[in-house]
Amino acid sequence: MTLALYPGSFDPATYGHLDIARRAAAIFEHVVVAVYDAPPKNVLFSTEERVTLLRESLRDAPNITVDSFTGLLVDYAKHRGAKVIVRGLRAISDFEMEFQMALLNRKMEPALDVVCLMTSVQYTFLSSSILKEIVNLGGNVDGLVPKHIAEAMREKLAGRTDPGEIPRYLTS
Ligand code: PNS
């Protein structure tokens, strides 16, 4: 069985991520969407929350499972018996970072290969960080992430300790 890993921060998953997961699932027998436990950036959602949001989004896909991992991706891939890493490309600007990661991963584990899938054109402008910024400033992300994720973002950001960033004219 060809098992592919689709790793990422998924903080939270957008329709772009879900599109890549489903595209991968149409190519490989099984896809494990692997949520990285400790990305080098501030995360809005805990690892468990990111996993739960993804599971809910992909529960209709029989050959996709969602898991989380710590440590090096190459070690996790070996542990799962995966030979392929899937990553999404939105634009040329993504390529440089993906190329660097792919070559470093290959240096550490030559048997592991990376397959990059192009995101559907309607999702090329999406990124988790920009969507978090929009919600943080009182904007609407409906249609860019599944409903339950938009709701979770609103709830999470409503509970923040520094709600001073939304201009008064939007809240009064
Ligand atoms: O969604 P992201 O933030 O672009 O995903 C990046 C991710 C999680 C794939 C990358 O940071 C990763 O693989 N982290 C695991 C630790 C690791 O192996 N680092 C060396 C990468 S060359």
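Atoms within a ligand are numbered from 1 in the order they appear, just like the ligands themselves. All values below come from the heavy atoms of this structure, side chains included, with hydrogens, waters and symmetry mates left out.
Residue Gly71 has at least one heavy-atom neighbour below 4.0 Å for each of these atoms of ligand 1: 15 (C), 16 (C). When each atom of ligand 1 is checked for a heavy atom of Ser9 under 4.0 Å away, the hits are 1 (O), 2 (P), 3 (O), 5 (O). In the vicinity of Lys41, heavy-atom distances shorter than 4.0 Å reach the ligand 1 atoms 3 (O).
You'll find the side chain of Val145 reaches within 4.5 Å of the side chain of Leu131, heavy atoms only. Counting heavy atoms from C-beta outward, Glu151 and Lys147 have side chains that stay 4.5 Å or more apart. Side-chain contact between Ser127 and Thr14 is absent, with no heavy atoms from C-beta onward closer than 4.5 Å. Contact of the Ser128 side chain with the Met153 side chain is not registered, since no non-hydrogen atoms from C-beta on lie closer than 4.5 Å.
Only the side chain of Asn105 comes within contact range of ligand 1, with a heavy atom under 4.0 Å; no backbone atom does.
Closer than 4.0 Å to atom 12 (C) of ligand 1 lies none of the heavy atoms of the protein.
Counting only N and O atoms by type, the side chains of Thr2 and His30 include no donor and acceptor under 3.5 Å apart.
Considering only non-hydrogen protein atoms, atom 19 (N) of ligand 1 sits nearest to Leu72 CD2, 4.0 Å. At the shortest separation from atom 8 (C) of ligand 1 among protein heavy atoms lies Tyr36 CB, 3.5 Å. Ranking the protein heavy atoms by distance from atom 10 (C) of ligand 1 puts Met101 SD, 4.0 Å first. Summary of contacts: the protein heavy atom closest to atom 18 (O) of ligand 1 is Leu73 N, 2.9 Å.
Among all heavy-atom pairs drawn from Phe10 and Val35, the shortest one is CD1-CG2, 3.9 Å.
Residue contact check for ligand 1: Arg87 places a non-hydrogen atom closer than 4.0 Å to it. Residue contacts with ligand 1: Gln100 is excluded, as none of its non-hydrogen atoms falls under 4.0 Å. Ligand 1 lies within reach of Phe69, whose nearest heavy atom is under 4.0 Å from it.
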Given Arg23 and Ser120, is the side chain to side chain donor-acceptor pair (under 3.5 Å) satisfied, shown in steps? CA-CA 10 Å; Arg23 281 173 187 284; Ser120 294; 2.6 Å; yes
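Atom CZ of Phe95 and atom SG of Cys116 lie 7.5 Å apart (nearest 0.5 Å).
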